[in-house]
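These notes are about the structure you will find just below.
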Amino acid sequence: MPHQRPPYASAIPHTVFDHARAAFSAAGHTLENVRRDFPEWHLGRPRYALWAVDVDLPPVRAAASAAETHLNGLLLAGYQRQPHITLGLCGFPTPAPRLPDDFGPAALGAHLDALQALAPEPFDVHIAQLASFTSAPFLAVLDAEGGIGRLRRALAGDSAEGSGPYTPHVTVGLYAGAWPVADVLARLDAFQAGPPLRCRIERISLMSYAAPEIGGRLATLAEFSLADRRLSWHAAGASSFQHTDADAHCPP
């Protein structure tokens with residue numbers, strides 16, 4: 001009997017962007033980001049992992065670059081992270097978890113089980129207007145077909161994101177100062193975004209970045225295909241999770 005996949009869950013509502021704008025408007029000033037190491041956070045652990053949708057495509061790169069140029073003078077220099085939509089934070093990958101924010105084989109296995117059961121078929125998203133959190137401007141991601149909502153629930157349940165609801169987005173950069181929000185909003189609203197960009201999502205990625213670097217590049221550890229429910233490891237990506245413990249979830 002063929003595997004019956006569940007129907008799409010409801011999409012992430014567009015009202016999350018209204019919430020983000022209201023929270024940003026009420027903040028008074030943006031949050032200043034500082035380029036330094038954060039050893040009190042990473043405790044010497046080299047990399048941090050997350051699940052994300054890789055949208056590092058020429059039209060999205062062009063839109064993010066145009067937004068970054070439009071906000072010239074407000075953003076921290078050296079932001080190198082590729083365009084992506086974060087679905088859920090994982091932790092510091094390790095074969096033998098010891099700390100609460102370590103991410104080991106058992107946690108990875110639970111995520112893969114949830115994706116097997118709940119992930120959608122390939123779907124479309126639309127990348128649209130420029131908006132902002134207090135720490136970072138972003139391009140809004142419209143979850144027109146509910147795929148992002150379903151993936152988020154598989155990986156993070158109904159948990160919020162920071163102090164507000166989960167808000168799918170592509171980060172443009174990080175604010176370099178405590179700028180008056182009223183001035184920044186005027187800049188954001190003046191951006192000519194053009195029509196929304198349609199992106200076809202066929203897989204999601206397990207990614208990581210160097211923990212001591214703020215805004216550093218992402219490395220893809222593995223990809224999970226939405227069509228065939230298989231995880232494919234990149235290069236030495238599986239070694240961080242003690243590959244022998246995760247064999248049941250790996251393609252042959």
Side-chain angles (χ1 to χ4, degrees), residues 9 12 16 19-20 23 31 33 37-56 79-115 118-119 125 132-141 143 147-174 201 203-224 226 231 233-234 237-238 240-241 246 249:
I12 301 292
V16 298
H19 183 281
L31 177 66
N33 293 274
D37 191 3
F38 291 87
E40 67 278 12
W41 168 62
H42 62 67
L43 302 176
R45 294 168 291 180
R47 300 195 70 82
Y48 191 87
L50 66 152
W51 285 102
V53 177
D54 184 352
V55 288
D56 189 17
Y79 185 81
Q80 299 179 20
R81 205 149 288 173
Q82 307 96 305
H84 66 285
I85 306 163
T86 298
L87 296 169
L89 303 178
C90 298
F92 296 90
T94 175
R98 295 181 300 106
L99 300 174
D101 55 355
D102 281 340
F103 182 60
L108 174 61
H111 283 178
L112 294 175
D113 287 343
L115 289 170
L118 300 173
V125 298
S132 190
F133 304 121
T134 54
S135 61
F138 64 86
L139 299 174
V141 176
D143 187 23
I148 293 292
R150 192 165 193 94
L151 289 166
R152 171 68 181 181
R153 278 181 278 276
L155 294 168
D158 294 321
S159 62
E161 181 183 50
S163 60
Y166 169 71
T167 305
H169 64 279
V170 175
T171 301
V172 169
L174 303 170
I201 309 305
R203 63 187 59 83
I204 66 172
S205 301
L206 180 63
M207 296 177 153
S208 74
Y209 58 84
E213 298 176 16
I214 184 169
R217 289 187 63 80
L218 295 167
T220 298
L221 304 177
E223 292 182 314
F224 182 87
L226 299 179
L231 185 76
W233 290 103
H234 281 215
S240 296
F241 301 95
H249 298 283

Check whether any side-chain heavy atom of Asp101 sits under 4.5 Å from a side-chain heavy atom of Phe92, and report yes or no. yes
Less than 4.0 angstrom from a charged side-chain N to a carboxylate O is my criterion; do Arg152 and Asp143 meet it? no
Under a 3.5 Å distance rule, please check whether Ser208 uses its side chain to pair with a backbone N or O of Leu206 as donor and acceptor. no
Side-chain touch Leu218/His84, heavy atoms, less than 4.5 angstrom: yes
d(Thr171 OG1, Ile85 CD1) to nearest 0.5 Å is 10.5 Å
To the nearest 0.5 Å, what is the distance between CZ on Phe224 and CG on Leu87? 12.0 Å
Quick one: CD1 on Ile201 to CD1 on Ile148, what's the gap to the nearest 0.5 Å? 6.5 Å
Could you pull out the closest heavy-atom pair between Cys90 and His111, with the gap in Å? SG-CE1, 4.1 Å
Counting N and O atoms only, with roles assigned by atom type, does the side chain of Asp102 sit under 3.5 Å from a partner on the main chain of Ala96, one being a donor and the other an acceptor? no
Could you check whether any side-chain heavy atom of Leu115 comes within less than 4.5 Å of a side-chain heavy atom of Leu231, counting everything from C-beta outward? no
Calculate, to the nearest 0.5 Å, the distance between atoms CZ and CG belonging to Arg217 and Asp56 respectively. 7.0 Å
What's the shortest heavy-atom distance between Ala119 and Leu226, and which atoms? CB-CD2, 4.1 Å
Which atom names give the shortest non-hydrogen contact between Phe138 and Ala20, and what distance separates them? CZ-CB, 4.4 Å
